[in-house]
Enquirer: 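Let me give you the structure first, and then I'll get to my questions.
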2 protein chains.
Amino acid sequence: MTVQDIRAFNRFYTNVIGALDYSRHLYAPYTLTESRVLYELAHSPRTDAADLRAELTLDAGYLSRILNKFEQDGLIERTPSRRDPRRRRVTLTARGRETAALLAERADESVGALLATVPPAERPRLSEAMRTVRTLLSDGRPPRREDVVLREPGPGDLGWIVARNAALYAAEYGWNADYEGLVARIVADFAEDHDPHLERVWIAELDGRPVGCVMCVRDDAPATARLRLLLVEPGTRGLGIGDRLVTAVIDFARGVGYRDLVLWTNDVLAAARRIYQRHGFVLVAEKPHRSFGKDLTGQDWRLDLTGTGE
Amino acid sequence: MTVQDIRAFNRFYTNVIGALDYSRHLYAPYTLTESRVLYELAHSPRTDAADLRAELTLDAGYLSRILNKFEQDGLIERTPSRRDPRRRRVTLTARGRETAALLAERADESVGALLATVPPAERPRLSEAMRTVRTLLSDGRPPRREDVVLREPGPGDLGWIVARNAALYAAEYGWNADYEGLVARIVADFAEDHDPHLERVWIAELDGRPVGCVMCVRDDAPATARLRLLLVEPGTRGLGIGDRLVTAVIDFARGVGYRDLVLWTNDVLAAARRIYQRHGFVLVAEKPHRSFGKDLTGQDWRLDLTGTGE
DNA sequence: CGGTATCTCTGACTGAGTCAACTATCTATC
DNA sequence: GATAGATAGTTGACTCAGTCAGAGATACCG
């Protein structure tokens with residue numbers, strides 16, 4: 001139950017933050033809230049009081065007093081905004097910048113002490129996990145098509161293709177380890193010997209992690225290319241990633257002179273079939289078979305690349 | 001710079017928690033701290049006041065007053081501890097349990113609203129990332145040997161072997177994609193056809209994620225087994241995982257009647273070599289070769305399984 | 001037994017944050 | 001251009017979460 005996970009995490013992280021703040025001298029002679037205001041000012045140097053209020057969700061009266069204190073201490077200057085004389089433009093003085101830097105330094109030290117307890121080899125995992133939490137929780141904006149990029153595979157990506165194909169089809173359709181072997185065989189053949197002009201793999205990447213793939217290789221038949229291993233991570237379906245991958249294969253195959261593009265799939269993979277249909281593939285044969293521990297119906301699809309190429 | 005990442009995350013998560021707590025009615029008629037106490041009581045029903053103080057790092061006087069309030073409201077009962085009459089045993093009443101449940105429910109709702117903004121398919125990633133942050137930051141206790149378990153591969157694990165072998169050796173030694181192809185070939189051969197009585201793969205798992213692997217297959221020579229693809233994630237080295245994996249292979253090979261265990265490695269892999277030496281392997285041949293885009297020196301090692309088997 | 005530490009409680013206090021009232025100004029509408 | 005309503009900022013008054021110090025009771029240690 002994820003709600004429980006989140007609550008557990010909240011309790012945990014409340015303690016982490018509490019532990020960091022515990023030695024209150026961190027902010028001396030200011031408070032946590034005051035230092036947040038100072039931080040905000042240091043990182044967007046000219047802001048109106050109203051912006052600060054909105055950004056940090058502070059009480060207007062509270063903020064007003066904090067700014068009074070800062071002004072007395074010579075950390076800020078307040079001038080009326082030209083645009084709207086009700087608003088007050090707040091600017092850090094040189095001294096304010098110094099103080100902000102000092103507080104930042106202390107915070108860095110304290111966080112550094114925390115970080116020192118994490119083995120260096122694990123730190124990238126920590127950064128990565130924190131980024132994941134942030135992006136998933138921050139306003140939950142759905143990823144956009146433009147965030148997805150297609151690229152060539154790097155080290156480990158072929159293994160990723162094997163792992164994700166196996167794990168997903170095991171989870172969704174109960175296929176057994178034979179399928180993982182088949183995929184491993186396909187990527188092994190590809191890695192071992194392929195003509196980069198005629199055969200290629202694409203990885204779809206979203207925010208730095210792979211979320212899809214497809215492969216284009218030569219088929220036995222002359223001037224025929226074969227599309228294989230089309231996969232899109234469930235969490236990112238509906239972004240047109242499958243379409244883009246298939247388009248990449250079609251354009252590539254046509255561009256290097258193949259006349260036909262074929263593929264083999266199974267009738268249970270409805271989402272993939274719709275993609276193929278959209279791109280003009282036609283079903284040319286269908287045959288039941290027993291594979292991967294299931295009774296399946298294999299399908300051969302074909303696309304004529306010499307036809308009405310745009 | 002990871003310190004900055006953490007601080008950014010702290011600022012972010014301060015806001016998340018603040019947003020959740022903002023509607024203070026969440027805890028009405030109690031405060032956040034009071035509800036934390038209640039939560040703690042509900043989850044370890046008989047505790048002394050001193051335990052609560054330690055667990056939640058509260059001021060003794062503050063806690064005393066909170067418990068007074070709870071007692072007045074009929075949520076708890078206080079009795080002197082038998083073991084030490086200075087201590088006070090605190091127990092929730094039925095009414096206390098009800099109240100705790102009510103508060104928990106409200107918190108669940110509020111967290112649920114947050115969770116609702118995360119697409120369902122991404123929730124496992126969120127849980128996973130939070131767990132990672134927790135385990136890495138929680139007192140930085142290094143993982144213990146006992147936390148590592150060896151198991152058979154599940155769906156996707158063979159792909160994981162390919163991916164991690166390729167990514168690690170690319171990062172550490174600059175090996176090219178040929179190596180990924182070789183590993184894929186090895187796991188494909190294994191997956192496609194292996195006698196489970198004579199050939200096997202082990203995955204080392206730590207906190208639910210794979211951190212190491214090894215494979216044992218039949219060699220061409222009679223009564224000879226071959227150890228392949230020994231790998232331990234850098235972050236978890238030093239926990240004896242490599243030793244356990246090699247031991248697993250040796251015990252297995254000896255147990256099913258192999259007389260020899262051989263392996264091929266490269267001299268650059270010093271850490272692995274030390275493991276093999278510890279287990280009694282002897283170097284039988286060495287030959288330079290050019291593979292994976294590098295000039296390497298391959299080594300054949302052998303262990304006589306019929307010898308002084310314990 | 002005496003000295004010291006620990007557990008709990010209460011009184012007294014601090015100060016972070018809230019609320020409400022007020023002024024001044026902007027914006028929208030008739 | 002007059003009026004109504006919203007918004008920005010300020011100040012006074014207040015609340016109440018959390019801290020600190022001291023006291024009584026008891027444990028632990030020599």
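Chain naming here is simple, since letters A, B, ... match the order of the sequence lines and numbering starts at 1 in each. None of these values were measured; they are calculated from a predicted model.
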Enquirer: Applying a 4.0 Å non-hydrogen cut-off, can you work out what Ser81(A) is touching in the nucleic acid: base, sugar-phosphate, or nothing?
Expert: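 Contact class for Ser81(A): none.
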Enquirer: Within the structure shown, what part of the strands sits under 4.0 Å from Ala50(A) by heavy-atom distance: base, sugar-phosphate, or nothing?
Expert: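 Answer is sugar-phosphate: Ala50(A) comes under 4.0 Å of backbone atoms only.
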Enquirer: Tell whether Arg86(A) reaches the base of dT10(D) with its side chain through a donor-acceptor pair below 3.5 angstrom.
Expert: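 Checked by distance alone, the answer is no.
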Enquirer: Should we say atom CD of Glu172(B) is surrounded by more than 12 heavy atoms from elsewhere, each under 6.0 Å from it?
Expert: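 Yes, CD of Glu172(B) has more than 12 neighbouring heavy atoms, counting only those of other groups under 6.0 Å.
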Enquirer: Could you state the CZ-P distance from Arg82(B) to dT26(D), rounded to the nearest angstrom?
Expert: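 One finds 17 Å between P of dT26(D) and CZ of Arg82(B), rounded.
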Enquirer: Report the distance from atom CG of Leu67(A) to atom P of dG9(D), rounded to the nearest whole Å.
Expert: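 Roughly 9 Å, once rounded to whole Å.
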Enquirer: Would you indicate what Ala49(A) reaches in the nucleic acid, counting non-hydrogen atoms under 4.0 angstrom: base, sugar-phosphate, or nothing?
Expert: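 Sugar-phosphate contact only.
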Enquirer: Arg83(A) side chain N/O closer than 4.0 Å to the phosphate oxygens (OP1, OP2) of dT25(C)?
Expert: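 No, outside the criterion.
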Enquirer: Check this one for me: any side-chain N or O of Arg65(B) less than 4.0 Å away from OP1 or OP2 of dC16(D)?
Expert: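 Answer is no, no contact under 4.0 Å.
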Enquirer: Phosphate oxygens OP1/OP2 of dT8(C): is one of them under 4.0 Å from a side-chain N or O of Arg53(B)?
Expert: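 Answer is yes, contact under 4.0 Å.
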Enquirer: Classify Ser64(B) by what it touches in the nucleic acid, base, sugar-phosphate, or nothing, heavy-atom distance under 4.0 Å.
Expert: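 The residue Ser64(B) makes base contact.
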Enquirer: Base, sugar-phosphate, or nothing for Asp84(B), non-hydrogen atoms under 4.0 angstrom?
Expert: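 It contacts sugar-phosphate atoms only.
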Enquirer: Grab the CZ-C1' distance between Arg87(B) and dT6(C) for me, whole Å please.
Expert: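 The distance from CZ of Arg87(B) to C1' of dT6(C) comes to 9 Å, rounded to the nearest Å.
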Enquirer: Please confirm whether the shortest side-chain N or O distance from Arg88(B) to OP1 or OP2 of dC9(C) is below 4.0 Å.
Expert: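 Arg88(B) to dC9(C) OP1/OP2: side-chain N or O found under 4.0 Å.
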Enquirer: It should be established whether Asn68(B) places a side-chain nitrogen or oxygen under 4.0 Å from OP1 or OP2 of nucleotide dT8(C).
Expert: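 The answer is no; no side-chain N or O of Asn68(B) sits under 4.0 Å from OP1 or OP2.
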Enquirer: Looking at Asp243(A) and Arg278(A), does any basic side-chain N land under 4.0 Å from a carboxylate oxygen?
Expert: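 Looking at Arg278(A) together with Asp243(A), the answer is yes, because their closest N to O distance falls below 4.0 Å.
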